[in-house]
*Asks:* 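Just dropping this structure here.
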Amino acid sequence: MSQTVIKIENLYKEYKLGVISHGTLYRDLQSWWARIRGKEDPNSLISAQHTEKAEKESFLALIDISMEIKAGERVGIIGKNGAGKSTLLKILSRITSPTKGIAKIKGRVGSLLEVGTGFHPELTGRENIYLNGAILGMNRHEVSRKLDEIVDFAGIEKHLDTPVKRYSSGMTVRLGFAVAAHLETDILIADEVLAVGDAEFQNKALGKMKGLSTGEGRTIIFVSHNMVSVKSLCNCGIVLERGKIKEMSNNVDKLVTDYLVDFSAKIKTLRWVNTGEYNDPSFTPISLELQEEDGAEITTPICADKNYKLKLAFEIKEKSPNFELYYVFSTIDGAYLFISSPREYNNNYRPAIGLNTLYCIIPKNLLNKQEYNISLAVGINNERNIIDSTTYTIALRVSVVSNTTMNLSAHYKTPIAPKLDWYTN
Amino acid sequence: MDNNDKDWTLIIKPRNNLLSLNLGDIWKYRDLIRMFIKRDFVTFYKQTILGPLWFIIQPLFTGGMFALIFGTIAQIPTDGIPMLLFYTAGIINWTYFADCLSKTGGTFTGNAGIFGKVYFPRLAVPISNIISSMIRYAIQYMVFIVMYCIFVFKGYTPTFNWLVVFTPLLLIYMALISLGFGVWISSVTTKYRDFNFVLPFFVQLWMYATPVIFPLSLIPEQYRIFMLLNPVAPVIEIFRYAYLGAGEVNLNHILISVGITFTVLFSGIIMFNKTEKTFMDTV
């Protein structure tokens with residue numbers, strides 16, 4: 001039996017919401033006074049007799065989390081935005097402390113919540129390797145010993161003595177990951193770090209992480225929205241939902257499938273309407289709707305041999321320079337089929353301030369006789385996600401029920417069934 | 001077995017020992033402190049024409065300006081010391097203190113980006129600031145010494161005495177005062193940003209409460225008590241006495257100053273340790 005390296009017991013994390021003002025000072029003094037008298041803090045949700053105000057102004061990001069992780073396990077943590085994944089990692093990497101509960105760790109922890117933390121643009125690649133290594137807890141002898149390996153992995157031999165500000169963003173990311181991956185730790189904590197960089201690098205990084213675990217027996221805790229990465233890397237999975245552990249299992253494939261099905265259950269079929277829960281000055285969605293090509297409401301079953309129209313209405317209050325919007329077409333088990341963006345039609349497309357309506361025609365003879373998810377993704381490039389497509393925040397489930405063109409694609413249930421042109425001479 | 005706390009390398013709890021300085025942890029991260037100092041120094045002169053010359057220009061010009069305004073126009077006496085020497089002696093010491101205080105005061109807010117992504121002993125940042133400012137102090141001290149030699153060459157009778165051997169001690173002592181006040185300010189700033197506005201203002205006012213532009217002997221007896229509450233005042237007076245032969249060295253003043261400094265330092269470290277654990281939630 002392998003040894004337990006992380007043991008978490010009844011962990012809670014509370015965050016205070018609201019604005020810091022003179023009222024905060026008053027409540028701070030109140031909490032402090034309660035503590036001095038050995039009473040429970042009336043402003044904390046964890047205490048039994050908390051005030052009503054506390055309920056409004058605090059929220060629990062983690063609720064009573066207990067788990068044990070054994071040496072050599074590769075744990076994938078999945079869950080929606082706000083489920084508490086990042087908070088858990090932050091506590092384990094000692095960036096913030098829990099409000100209640102305890103976590104015990106055996107061995108050295110390396111955390112990779114971001115690649116290239118503390119990189120200074122004016123310093124050279126070499127200097128930054130030493131600086132970043134030191135920030136992550138390596139001493140200079142360790143870094144010197146690993147320098148060649150790091151440089152080799154990042155593929156920056158020629159630019160080692162060039163200031164990092166001259167690096168491409170890809171090079172910077174590779175260098176950052178390379179330093180962290182060569183950290184000699186027993187436990188590696190990684191948060192969504194593979195979301196950056198190109199596909200080739202992602203595979204290389206994933207391979208490296210897997211190698212660290214299988215080859216050197218390291219424990220890995222990994223958070224990702226990319227279910228494919230989780231499936232390929234992890235041998236144990238944890239689903240978090242609203243701060244609680246919903247499921248924990250060694251059968252990662254099943255866990256991921258269940259998780260996605262759980263999402264899909266909430267997807268609307270033909271029309272999604274914002275009931276006020278999404279409101280972002282850069283992009284406030286109003287509705288997403290599937291219509292007949294002429295804009296009429298769909299009343300008959302969806303056919304693969306007809307054109308349909310996706311109508312997206314939204315409001316822009318603030319212009320963002322790197323605004324990005326696209327649809328992800330995927331199968332119901334989460335595999336991406338293709339992605340379509342209005343920029344395919346007009347590379348300079350930028351939504352205007354005010355109300356916008358965007359139409360997208362789904363051409364006939366493309367989809368097969370099966371169900372599809374069409375999920376909207378909106379974000380500001382290199383900055384943040386506004387609408388996350390991986391969690392089907394705004395998505396439609398399209399069920400194609402008939403495909404009159406009798407073809408083999410339908411019979412073999414291929415993901416798509418486009419109709420190609422054939423000729424004879 | 002597993003229940004024995006000694007088996008674990010790290011135990012994460014809501015609260016830690018507040019007085020613990022984690023010196024062992026800081027020692028483990030000494031290479032990080034070295035890298036921070038190197039980074040500060042190397043990046044300081046990137047994209048400047050004069051580079052490290054700025055370290056020399058700043059006290060010279062300030063000294064000259066003070067000599068003109070406070071010495072010549074306002075005619076504040078300097079205890080019979082040549083004006084330029086009197087002001088430069090005050091300025092280099094005050095600059096070191098003010099510099100450390102401002103940088104330490106911004107520890108949490110200025111490094112939120114790094115602190116939010118990786119753990120290392122947070123005290124490593126102010127410590128590296130204090131040490132990198134010492135390099136600057138050393139350069140400015142050399143300016144003072146060169147200036148001193150020029151004055152001696154031109155006929156000024158050297159007046160230094162055995163107290164000059166305490167110069168390094170004075171420097172370390174100033175580092176401790178600034179660390180004490182700095183960690184206090186940095187801790188409260190994480191939650192109450194008012195202190196962002198208070199700090200520069202406070203540093204400026206503090207200079208006028210310190211014998212930088214005037215000798216302590218100028219303060220009437222009945223107001224002396226307020227000067228005693230300023231722990232930096234004796235440092236500058238001792239420095240002037242050691243090098244220039246005029247200034248007050250009074251054991252009582254020194255003891256009061258040391259008492260204040262250590263009270264502030266210890267309470268500051270408690271605050272800092274408390275803040276370190278949760279500041280990411282408020283910053």
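A quick note: this is a predicted structure, and the numbers were derived from the prediction, not measured.
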*Asks:* Rounded to the nearest 0.5 Å, how far apart are NZ of Lys117(B) and CG of Leu136(A)?
*Replies:* 13.0 Å
*Asks:* Out of Lys90(A), Arg108(A), Glu122(A), which one racks up the most heavy-atom pairs below 4.5 Å with chain B?
*Replies:* Glu122(A)
*Asks:* Thr117(A) versus chain B, heavy atoms under 4.5 Å apart: side chain, backbone, both or neither?
*Replies:* side chain
*Asks:* Counting C-beta onward and ignoring hydrogens, is there a side-chain heavy-atom pair between Ile95(A) and Phe115(B) closer than 4.5 Å?
*Replies:* no
*Asks:* Hey, what do you get for CZ (Arg94(A)) to CD (Glu276(B)), rounding to the nearest 0.5 Å?
*Replies:* 9.0 Å
*Asks:* Give a yes or no on whether Lys28(B) atom NZ has more than 12 heavy-atom contacts from other residues, nucleotides or ligands under 6.0 Å away.
*Replies:* no
*Asks:* In terms of heavy-atom contacts, does CZ of Phe61(B) have more than 12 from other residues, nucleotides or ligands at under 6.0 Å?
*Replies:* no
*Asks:* When only pairs under 4.5 Å are counted, which of Val118(B), Asn111(B), Val42(B), Leu10(B) shares the most heavy-atom pairs with chain A?
*Replies:* Leu10(B)
*Asks:* Does any heavy atom of chain A fall under 4.5 Å from the side chain of Arg30(B), the backbone, both, or neither of them?
*Replies:* neither
*Asks:* With rounding to the nearest 0.5 Å, note down the distance linking OG1 in Thr96(A) to OH in Tyr119(B).
*Replies:* 13.0 Å
*Asks:* Tell me, for Val143(A) versus chain B, whether the close heavy atoms (under 4.5 Å) come from the side chain, the backbone, both or neither.
*Replies:* neither
*Asks:* As an exercise, state the distance from CG of Asp31(B) to CG of Leu131(A), rounded to the nearest 0.5 Å.
*Replies:* 11.5 Å
*Asks:* At a heavy-atom separation under 4.5 Å, does Ile8(A) approach chain B through its side chain, its backbone, both, or neither?
*Replies:* neither
*Asks:* Looking at chain B, which one of Gly137(A), Gly110(A), Ser111(A) has the largest number of heavy-atom pairs inside 4.5 Å, strictly under?
*Replies:* Gly137(A)
*Asks:* Going from CD1 on Ile102(A) to CH2 on Trp8(B), what distance comes out if it is rounded to the nearest 0.5 angstrom?
*Replies:* 10.0 Å
*Asks:* Report the option among Ser93(A), Ala103(A), Gly101(A), Gly107(A) that has the most heavy-atom pairs separated by less than 4.5 Å from atoms of chain B.
*Replies:* Ala103(A)
*Asks:* If you measure from CD1 on Ile11(B) to NZ on Lys7(A), what distance do you get to the nearest 0.5 Å?
*Replies:* 10.5 Å
*Asks:* Are Glu127(A) and Arg39(B) packed together at the side-chain level, in the sense that at least one heavy-atom pair is separated by less than 4.5 angstrom?
*Replies:* no
*Asks:* Can you find a pair of side-chain heavy atoms, one from Lys104(A) and one from Ile12(B), that are under 4.5 Å apart?
*Replies:* no
